Structures are given as structure tokens and as C-alpha cells.
Amino acid sequence: MRILSEVDQRIRKLNEMDARTDGEYVLYWMRWNRRATGNHALAFASDLANRLELPLLVFENLDCEDRYANDRRHTFILDGVAETASAIRKLGAGYQFHLAHRKGEEPRDWRHVLAGAAAVVTDDFPESVDGKLPKFEVQAFAVDASCVVPMSCIETRCYAAYSIRPKIQKLLAEYLRPAPVVKLRKRFAGAAEKLPDVALVQCEIDHTVPPSTTFHGGRKHAELHLERFLENRLRRYTSDKNNPSAHATSDLSPYLHFGFISALEVALAVGRHAKEHKLMADAFLEELIVRRELAFNFSRYSKKVDSLDELPEWARATLDKHRKDAREHEYTVKQFESAETYDDLWNATQKELLLRGKIHGYYRMYWGKKIIEWSPTPEEALATMIHLHDRYALDGQDPNTYGNILWCFGLHDRPWNERPIFGMVRWMSRGGMDRKTKVGDYLKEIEYLERTGKELIA
DNA sequence: ATCGGCTCGCGCAA
DNA sequence: TGCGCGAAGCCGAT
């Protein structure tokens with residue numbers, strides 16, 4: 001009983017319909033949480049299937065609709081499909097995956113799959129990032145399986161970490177527990193459908209962005225990263241997290257973004273190590289939960305996440321006041337994209353994005369601040385950052401990423417000394433990077449990665 | 001090396 | 001109504 005009430009806050013009815021009595025199964029449309037374990041949406045769908053005495057069918061798909069759809073993201077997603085399929089089928093549910101090859105192509109059998117559903121469950125995600133969900137002609141639910149503390153528990157927009165932190169802390173005891181494991185009572189009948197043969201060349205996507213040199217998709221790789229973090233990195237986390245060449249962070253953001261692993265699963269795993277590394281765990285959980293969920297809160301209460309409109313008033317005013325300030329260096333999107341600035345550290349961070357598909361969190365702040373400094377206007381700087389993330393980052397198009405990018409413009413931050421271009425928005429300098437991080441080691445690492453396509457330290 | 005000031009406004013105590 | 005303090009810093013004074 002407890003479990004159900006606990007799950008309630010995660011569940012949003014998408015309409016007032018009843019389950020269809022002639023339905024053959026409950027359908028879970030897996031979109032943001034591509035995993036078979038630790039998934040509240042899957043758990044709710046399973047529970048619903050049991051209550052209706054029906055089997056469960058999981059439908060996952062990948063289309064070419066995103067204008068930035070490319071080999072990198074497609075590969076990362078497809079890496080995980082066989083694993084997900086086998087794990088879902090082991091639960092006794094059906095699993096279908098559809099890969100669209102053309103833009104505008106409706107998932108094969110989608111109408112047919114929908115027509116057989118007594119009810120539909122899908123992942124809940126902030127609409128400013130997710131877009132509008134289709135109208136379902138059948139009972140439908142959206143479940144928040146992304147946040148540790150469900151987004152709906154925080155009923156106001158929060159202006160900074162300090163305002164969401166106590167709210168989350170208070171609810172953590174209730175929500176920091178594993179997603180329920182639900183045993184399906186009815187097996188999905190019928191032979192397992194063959195997974196699609198993957199021929200990326202045939203997909204109508206951008207083939208000029210190659211797969212990441214470093215990150216492979218799927219549950220197994222997510223778990224390997226988590227294990228490596230717990231074994232080798234967590235104990236150094238607070239001292240080294242802002243020194244990229246020390247590799248003390250989890251590198252889990254691509255896996256969290258595609259839902260191969262959940263923040264809750266990571267938090268619980270870190271919690272089990274917390275006795276030995278209490279302070280480290282606290283610092284990590286602050287970022288994994290408080291700051292990540294502050295970003296979800298921002299997306300949830302924003303109309304647009306890719307604009308400066310939602311910045312605090314002081315930030316918009318101060319950036320506007322300095323709009324016409326002279327730029328000592330100014331670059332075009334193309335120059336940024338191909339890492340052609342005068343600053344070797346900045347160029348290396350951009351190359352990290354081009355090659356690994358992800359920039360270390362600390363250097364990403366520097367990367368963003370410099371794009372503001374070297375762009376003709378704040379609006380163009382924002383557009384450049386979003387373009388580069390959309391195109392190259394495996395953790396792009398995520399509430400967390402929009403939060404990180406807009407932080408560079410003052411979101412969730414406070415004013416500081418007024419200076420050119422930035423006004424009172426916090427500034428970061430190359431001197432600071434040289435002082436606080438081992439820039440030389442990082443440059444070597446990226447140079448090696450660029451030359452060989454391999455990581456210097458495996 | 002360390003420290004205070006910078007500057008605004010939310011959120012809570014009173 | 002007042003007050004403390006804050007998403008990751010910088011700079012200049014000591």
C-alpha cells in the first residue's frame with residue numbers, strides 16, 4: 001500500500017478515460033527511460049497490467065525527426081536496444097523496437113500497437129524539452145521516472161539551489177528508495193519480434209557526426225561507469241571534481257539523459273558507499289539530485305528553455321546594458337564549432353565535445369562563459385551553445401544541460417562585480433583555470449585523443 | 001596564500 | 001519589514 005501512495009506523485013493522468021475493456025495489453029511507450037530496471041513508469045505500467053489482468057507490451061522507437069539526428073546519438077541509443085529487449089522479455093513482457101528510416105515516417109505498426117492497448121503509460125518529462133504528447137484515444141498516464149523527488153512535489157519555481165535544497169531534503173527520506181519491482185502475472189504471448197537490422201547509412205540523418213570516441217550506450221556501460229566511479233573516483237570527488245584531468249566525476253550524464261540508468265539508482269548505489277566516503281557522497285548527491293532537479297524544476301516552469309526570456313530580471317537587464325560593449329575577440333559559429341579560437345584551452349574543450357560528445361562540467365562553464373565573451377550578442381552566444389550541444393553532445397537536449405548553459409547567463413546565480421560584456425553576471429578567466437586545474441595535462445589528453453581516437457588513460 | 005568586497009533579491013523570521 | 005546568504009569567481013589588498 002505504501003508503495004502505491006509513494007508512486008502517486010509520479011503519476012499524471014493524461015485524460016479521464018477508462019481502460020478499454022477489449023484491449024489486449026497495457027502499453028508502455030518507453031521514451032526517456034530506456035531501461036528495464038529501476039523504472040517507475042515501467043513499474044506502474046506493470047502494476048496496471050496486473051490490475052487489468054492483461055500482459056504488458058513495451059514499445060521503444062527511434063526516429064529521424066530531430067533536425068540534429070545523427071550517427072552519434074543514433075549509435076548510442078541503438079547500443080542499448082538488445083540489452084533492453086532481453087531484460088524486458090525476461091520480465092514476461094512483450095518488446096518491440098522501431099527504427100524509422102525517413103523523416104515523417106510513423107513508427108511501423110504504431111497504429112496497430114495503439115489499437116490493441118487497453119491503456120497507455122509513458123514517461124513524463126518537462127514539456128518545454130519534451131514537446132507536446134500526442135492525444136491518446138485510450139486511457140493514458142505519464143509517469144515521472146526521471147527525478148529522485150518527483151517534479152510534481154515541488155509546486156513552485158525555485159530561484160536557486162538554496163530554495164529547492166530544503167524541499168528536496170525533506171522529501172528525500174520518502175523517495176530515496178528503489179522503484180518497486182512488479183511481477184507480471186500474465187505473460188505476453190507470441191514470438192519475440194526480431195530486432196531491426198541496423199543500417200544507419202539508410203537513415204535520413206546527419207552522417208557527419210561520428211559516434212563518440214569514448215562513450216558506448218546501454219545499461220551495461222552505464223553500470224560500468226557507475227562501478228568505476230564508486231571504486232576509483234568517489235573518494236576523490238570533493239577535492240578533484242573541478243580538475244578535469246583528474247577524472248573524478250561519474251561521466252554518467254549521457255546515460256542519465258537517455259535513461260539507461262536513473263539518478264535514483266545512482267543515488268542509492270552511492271548511498272551504499274556513503275559510510276566510507278560520507279563527505280564525498282554528500283557533495284556528489286548535491287549535484288546528482290539538488291542541482292539536477294533544480295534544472296528539471298526550471299524546465300517544468302519555463303515555456304522555452306532555449307531563450308534568455310526566463311533568466312532573472314537582473315541578469316537580463318545587466319546583459320542588455322552591456323550588449324554594445326566592444327568584444328576583443330569575436331568568432332562565428334563556424335569558428336567556434338571547429339575549435340579555432342586563440343585560446344588553446346577553449347579549443348581543447350570544444351574538441352572534447354567533438355570527440356567524446358561531452359565536456360567536463362567545470363570546463364563546460366568556462367566554455368560557455370567564453371562563448372558569451374566572444375559572441376556579438378548574448379542571444380547569438382546562447383544559440384551557439386545550444387547548437388553545439390544539440391549537434392555533438394550525448395547529454396544535450398536535457399533539462400540539466402539547458403540549466404547548465406543558462407547558468408552561464410546568470411540563471412540560479414547571483415550578481416557579481418560589474419564588468420564589460422557580462423555586466424554583473426559571473427565571469428570566468430583563463431587565469432582561474434590555470435590556477436585551479438591542470439590545464440597542461442588536459443591539453444595532452446585531448447591532443448592524444450584527437451591524434452589517435454583513443455583515450456590516453458583507458 | 002588568504003580574505004573581503006562586489007551586488008541583487010528570495011525566503012523566512014519576526 | 002528586516003536580514004542572511006547564495007551553482008562552481010575575480011581582484012586587489014594584506
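In what follows, chains are A, B, ... by sequence order, proteins preceding strands, each numbered from 1. On a predicted model such as this, the values are computed, not experimentally measured, just so you know.
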K.L.:
Just name whichever nucleotide pairs with C:dA7, Watson-Crick or G-U, keeping both distances under 3.5 Å, else none.
P.N.:
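Pairing partner, where one exists within any strand: none, as none qualifies.
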
K.L.:
Starting at atom NE2 of A:H412, determine the distance to atom P of C:dC5, rounded to an integer number of angstrom.
P.N.:
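Rounded to whole Å, this separation is 21 Å.
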
K.L.:
Can you label the angle between the A:Y331 ring and the A:F336 ring as parallel, tilted or perpendicular, going by 30° and 60°?
P.N.:
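Perpendicular.
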
K.L.:
For a quick test of reading the model: is some side-chain N or O of A:R414 closer than 4.0 Å to OP1 or OP2 of B:dC6?
P.N.:
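It does not, given that no N or O in the side chain of A:R414 lies less than 4.0 Å from OP1 or OP2 of B:dC6.
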
K.L.:
Quick one: is C:dG9 close enough that its OP1 or OP2 comes under 4.0 Å of any side-chain N or O from A:Y362?
P.N.:
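Indeed, a polar side-chain atom of A:Y362 lies that close.
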
K.L.:
Checking contacts here: which listed nucleotide (C:dA8, B:dC10, B:dC6) is nearest the side-chain heavy atoms of A:N242?
P.N.:
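From the listed options, C:dA8 comes nearest.
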
K.L.:
Between A:R419 (CZ) and C:dC10 (P), how many Å, whole number?
P.N.:
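Atom-to-atom, A:R419 to C:dC10, this comes out as 9 Å.
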
K.L.:
Classify the angle between the aromatic ring planes of A:F260 and A:Y255 as parallel (below 30°), tilted (30 to 60°) or perpendicular (above 60°).
P.N.:
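Plane angle between 30° and 60°, so tilted.
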
K.L.:
For a 4.5 angstrom cut-off between non-hydrogen side-chain atoms, does A:T122 reach A:V143?
P.N.:
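No, side chains not in contact.
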
K.L.:
With a cut-off of less than 4.0 Å, is there a side-chain N or O of A:R435 near OP1 or OP2 of C:dC10?
P.N.:
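For A:R435, the contact criterion (side-chain N or O under 4.0 Å from OP1 or OP2 of C:dC10) is met.
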
K.L.:
Write down the distance between CZ (A:R292) and C1' (C:dA8), rounded to a whole number of angstrom.
P.N.:
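A:R292 atom CZ is separated from C:dA8 atom C1' by 19 Å.
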
K.L.:
Could you tell me how far apart A:D413 (CG) and C:dC10 (C1') are, to the nearest whole angstrom?
P.N.:
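Value for this atom pair: 13 Å.
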
K.L.:
Can you confirm if the NZ or CZ of A:R31 lies within 45° of the ring axis of A:W29 and under 6.0 Å from the centre of its six-membered ring?
P.N.:
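Because its charged atom sits under 6.0 Å from the ring centre and within 45° of the axis, A:R31 does stack over A:W29.
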
K.L.:
Answer with base, sugar-phosphate or nothing: what part of the nucleic acid does A:M428 contact at a heavy-atom distance below 4.0 Å?
P.N.:
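Sugar-phosphate, no base atom in range.
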
K.L.:
When the distance from CD of A:E293 to C1' of C:dA7 is rounded to whole Å, what number comes out?
P.N.:
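My rounded result for the distance is 16 Å.
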
K.L.:
Whether A:K369 engages the ring of A:W346 as a cation-pi pair (distance to the six-membered ring centre under 6.0 angstrom, angle to the ring normal within 45°) should be assessed.
P.N.:
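Geometry flag: not set, cation outside 6.0 Å or 45°.
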
K.L.:
Let's test this: given Watson-Crick or G-U wobble pairing with both distances under 3.5 Å, identify the partner of C:dG12.
P.N.:
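Base-paired to B:dC3.
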
K.L.:
Work out how far the P atom of C:dG4 is from that of B:dA14, and round it to whole angstrom.
P.N.:
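Between the two P atoms, the distance is 12 Å.
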
K.L.:
Nearest to the A:W407 side chain among B:dC10, B:dT7, C:dA8, which nucleotide is it?
P.N.:
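Of the options given, the side chain of A:W407 lies nearest C:dA8.
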
K.L.:
Indicate the ring-plane relationship of A:H216 and A:H221, choosing parallel, tilted or perpendicular according to the 30° and 60° boundaries.
P.N.:
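Rings of A:H216 and A:H221: tilted, 30 to 60°.
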
K.L.:
In whole Å, I'd like the distance from the CZ atom of A:R316 to the C1' atom of B:dG9.
P.N.:
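Result: 15 Å.
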
K.L.:
Hey, does A:Y159 reach any base, or is it just sugar-phosphate, or nothing, if we go heavy atoms under 4.0 Å?
P.N.:
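Sugar-phosphate, backbone atoms only, no base.
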
K.L.:
What interatomic distance, in whole Å, is found between P of B:dT7 and the corresponding atom of C:dG12?
P.N.:
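The answer is 15 Å between these two P atoms.
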
K.L.:
Taking 4.0 Å as the cut-off, does a side-chain nitrogen or oxygen of A:S163 come that near to OP1 or OP2 on B:dG11?
P.N.:
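Looking at the OP1 and OP2 atoms of B:dG11, one of them is under 4.0 Å from a side-chain N or O of A:S163.
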
K.L.:
What nucleic acid atoms does A:R165 come within less than 4.0 Å of, heavy atoms only: base, sugar-phosphate, or nothing?
P.N.:
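Answer is sugar-phosphate: A:R165 comes under 4.0 Å of backbone atoms only.
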
K.L.:
Nearest of B:dC8, B:dC6, C:dA7 to any side-chain atom of A:N417?
P.N.:
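My answer, after comparing the listed nucleotides, is B:dC6.
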
K.L.:
Let me know the distance between CH2 of A:W427 and C1' of C:dC11, rounded to the nearest Å.
P.N.:
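In whole Å, C:dC11 C1' lies 10 Å from A:W427 CH2.
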
K.L.:
The side chain of A:Y162 is closest to which nucleotide in this list: C:dG9, B:dG9, B:dC8?
P.N.:
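Of the options given, the side chain of A:Y162 lies nearest B:dG9.
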
K.L.:
Could you tell me whether the phosphate oxygens of C:dC10, OP1 or OP2, come under 4.0 Å of any side-chain nitrogen or oxygen in A:K436?
P.N.:
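Yes, within the criterion.
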
K.L.:
A:M365 has a side chain; which of C:dA7, C:dC10, C:dA8 sits nearest to it?
P.N.:
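Among the listed nucleotides, the one closest to the side chain of A:M365 is C:dA8.
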
K.L.:
Quote, to the nearest angstrom, the P distance that separates C:dA7 from B:dG11.
P.N.:
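My reading of the P atoms in C:dA7 and B:dG11 gives 12 Å.
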
K.L.:
Rounded off to whole Å, could you give me the CG-to-P distance for the A:D282 and C:dA7 pair?
P.N.:
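The answer, rounded to whole Å, is 16 Å.
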
